[in-house]
There are 2 protein chains.
Amino acid sequence: MLLSKSCVYGLRAALYLAAKNDGEYHSLREMSEELNISFHFLTKILQQLTSDGLMESYKGPNGGVKLSEKGKKATLFDMVIAIDGPGLFTQCALGLPGCGSQEPCPLHESWIDTRASIENMLRRTTLIKIAEEGKAKHFRLTAEGKFSW
Amino acid sequence: MLLSKSCVYGLRAALYLAAKNDGEYHSLREMSEELNISFHFLTKILQQLTSDGLMESYKGPNGGVKLSEKGKKATLFDMVIAIDGPGLFTQCALGLPGCGSQEPCPLHESWIDTRASIENMLRRTTLIKIAEEGKAKHFRLTAEGKFSW
DNA sequence: TAATTTAAAGACATTAAACTCTTAAATAGA
DNA sequence: TCTATTTAAGAGTTTAATGTCTTTAAATTA
Ligand code: FES
Ligand code: FES
């Protein structure tokens, strides 16, 4: 898969929060149930996004997480970088160490173009924008489509 | 990573054979040493390509593997399908089961375009063509660049 | 202060990918 | 026929990703 499971779960959760778009904290329990993601696993992932500054968390009753100001401006690219790191956008298609025009592998020229088109696609869209669209068009965010924006 | 390690190793080996472009069988021992790939692991991968008809193998002294006729016409896409399967070209970017315009996820429209551009990139080039270019321009095929076409 | 709710942190378990080893089967050549 | 060479097949191991559980810390409510 292009993105790791952690990354996909993080994205779904971020889109959930972006769709709510209230300033409220939403608990991980609520989100894990709505989105059909393991509670503890989701916790791990969102901790990472919180420490990365894309989300803010609050402990105690009525606590939870919400998008930070930074998170509200974030693109899908920012999310992928935060969770999976930059590898997808920097690594050689043949897995060779270092990827550059200095000592390219046979796939280099083709791959850097394709890689850039993936990156552009992810940079193009903010969480908020895609969540608004999802809400308007009733796109699905879970396996069963049972989640309603 | 976009492609699995198995897939990358398979590609490197296929490019090795495509570059030789003699009708000869090349032993797995030779290839694993030239390409810095674990002998036994490479064996597994090439067995798969052989049973898929992209390569032919021959046992005994002076045996080994070579590209089949099908393999000589094969593109990078054919190789990826043979080793990693079609998932990359069919699956939902958010990991949801089934991916189609029937019940799209919020990334669907963006993703199918990007996915197609990956697929086109891989379909565009045959092993032979890319190996010829690699040979002509002395591109590297191993970590240290020690392999010489 | 005490009880409850929630995230944080980290240990632990499971699974799938990556890698290794051993034995069997086919072929060639002495 | 015997031995060496090579792929085939399959079992076994290691490692990294994924998923679960327990304990701790912070905040709220009573
Ligand atoms: S060196 Fe291989 S893709 Fe750049
Ligand atoms: S449904 Fe998600 S990418 Fe097609």
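Convention: sequence-line order gives letters A, B, ...; per-chain numbering from 1.
A straight line from CZ of A/Phe39 to P of D/dT18 spans 20 Å, rounded to a whole angstrom. The CG-P distance, from B/Asn62 to D/dT7, rounds to 11 Å in whole Å. Summarising the geometry, the separation between CG on A/Leu3 and P on D/dA17 is reported as 15 Å, rounded to the nearest angstrom. Between A/Ile37 atom CD1 and D/dT20 atom P there is a gap of 12 Å when expressed in whole angstrom units. As a whole-Å value, the separation of B/Glu30 CD from D/dT6 C1' is 13 Å. Distance, B/Leu49 CG to D/dA8 C1': 15 Å, rounded to whole Å. If you take CD of A/Glu56 and C1' of C/dT6, they are 17 Å apart, rounded to a whole angstrom. Between the P atom of C/dT6 and the CD atom of A/Gln47 lies a distance of 16 Å, rounded to the nearest Å.
Around atom NZ of B/Lys70, more than 12 heavy atoms belonging to other residues, nucleotides or ligands sit under 6.0 Å away.
A donor-acceptor pair shorter than 3.5 Å can be found between the side chains of A/Asp78 and A/Thr75. Checked by atom type, the side-chain pair A/Thr142/A/Asn36 shows no donor-acceptor distance below 3.5 Å.
Comparing C/dA28, D/dT18, C/dA18 by their nearest atom to the side chain of A/Lys5 picks out D/dT18. Here the nucleotide nearest the side chain of B/Lys59, chosen from D/dG19, D/dT6, C/dA8, is D/dT6. The nucleotide whose nearest atom lies closest to any side-chain atom of A/Ser57 is, among D/dG19, C/dA7, D/dA8, C/dA7. Comparing D/dT28, C/dA18, C/dA7 against the side chain of A/Pro61 picks out D/dT28 as the nearest.
The distance from atom CZ of B/Arg29 to atom OG1 of B/Thr43, rounded to the nearest 0.5 Å, is 8.0 Å.
One N or O donor and one acceptor, one from the side chain of A/Lys44 and one from the base of D/dT20, sit under 3.5 Å apart. Counting distance only, with no hydrogens placed and no angle test, the side-chain atoms of B/His40 and the base atoms of C/dC19 include no donor-acceptor pair under 3.5 Å.
At the phosphate of C/dA7, neither OP1 nor OP2 sits under 4.0 Å from any side-chain N or O atom of A/Tyr25. Dashed line: the shortest gap from a side-chain N or O of B/Ser38 to OP1 or OP2 of C/dT20 is under 4.0 Å. One finds a side-chain N or O of B/Tyr9 lying less than 4.0 angstrom from the OP1 or OP2 phosphate oxygen of C/dC19.
With sequence neighbours left out, the side chain to side chain donor-acceptor pair (under 3.5 Å) criterion links A/Arg123 to A/Glu119.
Across all strands shown, B/Leu28 has heavy atoms under 4.0 Å from sugar-phosphate atoms exclusively, and none from any base.
Checking A/Tyr58 against A/Leu42, the closest nucleotide of DNA chain D that is more toward the 5' end is the one next to A/Leu42.
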